[in-house]
Amino acid sequence: MLNALLKQLENGGVQSVSLLASRLGVSEPMLAGMLDNLERMGYIEKLVPGCDNGRCSNCYMKAGCNNNQPFIWKITAKGLNCTLLHERFPAC
Amino acid sequence: MAVSEKTVPAAKTFTIALAGQPNTGKSTVFNRLTGSRQHVGNWPGKTVEQKTGVFDIAGKHYSLVDLPGTYSLTANSLEERISRSYILDERPDLVIAMVDASQLERSLYILAELVMLPAPVIMVLNMMDVAAEQERRIDVKELEQALGIKVVPMSAAKNQGFAELQAAIAQASMGELDYKPQKPGLKEEHTLLIKDLQQRISRLIPYAYPVDWAAMKLLEGDSELVETLRERMKKDEWAQLEAILGQYPDGALLVAESRFNWIQEITAQAVSSPERRRLPLRSRFDRAATHPLWGKLIALAIVLAAIMGSMLVGAPVAMGIMSGMTLLSGVLSKAMAGMPAWLAAAVVNGLVPGLSFALAMLAFVLAVFLVIGILEDVGYMARLGYITDRFMQRIGLQGKAFMPMFMSFCCNVSGIMGARVIDSWKQRLIVIALVPIIPCAAVWGVTGFISSIFFSTGASIIVAAMLVAVVLQLALSSFLLRRFVVTGESGGLIMELPPYHKPDWKNIIIFVWLRGKEFVKRAGSLIVLVTMLIWVLSYLPYGSMESSYLASFGRLLEPLGGLMGMDWRLIICLIAGFVSKEAALASMAVVFGLGEAASSLTAVLGTTAEQVSLGAYLATAISPATALAFYLPCCFPYPV
Ligand SMILES: Nc1nc2c(ncn2[C@@H]2O[C@H](COP(=O)(O)OP(=O)(O)OP(=O)(O)O)[C@@H](O)[C@H]2O)c(=O)[nH]1
Ligand SMILES: [Mg+2]
């Protein structure tokens, strides 16, 4: 399950949580838990879109940037290596 | 193991621990059960708060401990160590696992760990009110059966479910509750591995640790357990064990996988989530909005409508302000007739135009924020970013390259900063080159503003045309880039798209208000400063613009600007625009003078509608606006 998730990330592209959940056959809270977990183990990392505080500090548009930005996760080097291990271990 | 097997000495109070992930309502339950009979201290030797308390049910005494909230029970953090060593070493008579019903699958993860530990567990399914709101249906009986443990539904904050919880606690304390938990296990093919690990460690692990739990933890790479075993094992034994574990560098993933499989099995029958029976209309729109072709068309239409909408709101207000200020400057120049010439000039030609441009600009910025606020509040903004991914994929940029593009819709600077996530430098450069093409919120405001000065009524058409030009430019860039970019950056992204909902006007107004304040604070003062500076440069040394320092500098660059059909005045504005777009506007106000901004510009460009064919007129008149839109976003991002 987690492996299939990493596989999806390895394949590239951007996927929404809801699309991915239905693709993996799990509910959204389940996927949220899986993402949590992979993040804690260092296989994926959360990116925080929004302004760079230092550079944007003088921009009056700054406040608009951090508002309601969605979470975005990307696969880490560890995650990519793990999917490469796929051949040897069925569950990675 | 049934609770009844445990002997509870009469003298010892029945001890209960509250465990669960953060924010599941442990403290709420703790407070309701114990009331004022609680004690707050620290865990021995730790800085983490420890809350203990007592309560009675039907004359019987119970003691309760509020464990720190943790996502799992691996020795990753202090909180996790505290929670698990409390359960292992202090052996409470009962563990209450707090689970969030609105996030059931997610918050069951810790239960998968708790059932492996020696203390019996009952589960409190809290936040039932939220789950009901979300139309998440949970069959408690089914869940209880699948888990093999007692489940108590509850809405702790609404004081619902406490009688049932107290009854369950009383039952447990009398040994009347069945406890036959279904435990998560590794896949078939790993049973031998686990057996082997168990054998190697069974004599060496601390007495309190169940061996099947310890073997799993070892595979997970639990630091505390690894340390203990390294100390207690003979050198060669440890080397062997280490070699075995070395074959499973992703052992933690195997174990986590087993827990998620367990959760999936447990909830398969018991939970019906709203996603599976989501209202068809919204999801159908969403499918279209994220579709490769329709998504783009919808996005284009929405952005177009948004820009035009913001101009419809902003333009009349801005024009009103401008004409009001023109009147004011007329009055002022008469009133200041007796004062020194330079002072009158500074006020009438420097300060007033600067202020009025700042105010008119504010009208546009507020209008743009209003539109962006609406788009964001209904949940569309995130989708707008989402569909740019298709475009990125077409030009061979994958996944990560999407981040900066997505962020550029609010600010190109942050988009360029965001390009840092791309590992390949070649791709990073291409993305940085593409980012400024994306019209950010500031560009919307400035282009809208400039176009309305030039074409009061036809401005929307101009902006629409510019948007089409942006799309064409992106398409052209993509065509060119596809020839140079060969490799795709590996690794995709997952993005949480917020659900659609009706716009909340209060939210939007607050959004606009806060941004407007920010604008006045930052851009407002900048505009006034830049206008004064430009005015000084245009006044010195002889008090006439044509012979000023500014003019000589601008003329120096005129041959370059000639390529774009601009004279020295516009070049000055463009240079000011490197600092920020508002600065460009401010300098326009000074060099062209207020009120005549549009007409003088047209005159300067040497093109009036009667003189030249319409096409040429548009081309020249648009060029300052497009140049502003397409050139560098602001100069600051480039030293990245
Ligand atoms: N709607 C709703 N909110 C609840 C319910 N139970 C608790 N809450 C709220 O959820 C929030 C978190 O509750 P806490 O009791 O502090 O959670 P906790 O598990 O102690 O959190 P940590 O100490 O961080 O681990 C509070 O704002 C509670 O008011 C419930 O049944 N329904
Ligand atoms: Mg708490």
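Computed over heavy atoms, backbone and side chain alike; hydrogens, waters and symmetry mates excluded. Throughout, a chain's letter reflects where its sequence line sits, starting with A, and its residues are numbered from 1.
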Chemist: Side chain, backbone, both or neither: which part of A:Met41 has a heavy atom under 4.5 Å from chain B?
Modeler: side chain

Chemist: Report which part of B:Asn261 has an atom under 4.5 Å of a heavy atom belonging to chain A: side chain, backbone, both, or neither.
Modeler: both

Chemist: Give, as side chain, backbone, both or neither, the part of A:Leu20 having an atom under 4.5 angstrom from any heavy atom of chain B.
Modeler: side chain

Chemist: Using a 3.5 Å distance criterion without hydrogens, assess whether the side chain of B:Ser107 forms a donor-acceptor pair with backbone atoms of B:Asp100.
Modeler: yes

Chemist: With sequence neighbours excluded, tell me which residues meet side-chain hydrogen bond (donor to acceptor under 3.5 Å, both in side chains) with B:Thr74.
Modeler: B:Lys217, B:Glu220

Chemist: Show every donor-acceptor pair shorter than 3.5 Å between a side-chain atom in residues 368-375 of chain B and any protein atom, with sequence neighbours excluded, or say none if there are none.
Modeler:
none

Chemist: Heavy-atom distances under 4.5 Å only: say whether B:Tyr71 touches chain A with side chain, backbone, both or neither.
Modeler: both

Chemist: Given heavy-atom pairs under 4.5 angstrom as the criterion, report whether the side chain, backbone, both or neither of A:Leu31 touches chain B.
Modeler: neither

Chemist: Which atoms of B:Ser72 are under 4.5 Å from chain A, going by heavy atoms: the side chain, the backbone, both sets, or neither?
Modeler: both

Chemist: Heavy atoms only: give me the nearest B:Leu73-B:Asp222 pair and the separation to one decimal.
Modeler: O-OD2, 4.5 Å

Chemist: Checking heavy atoms, do the side chain of A:Ile44, its backbone, both or neither come under 4.5 Å from chain B?
Modeler: neither

Chemist: Quick one: sort the B:Tyr109 and B:Phe260 rings into parallel, tilted or perpendicular, breaks at 30° and 60°.
Modeler: tilted

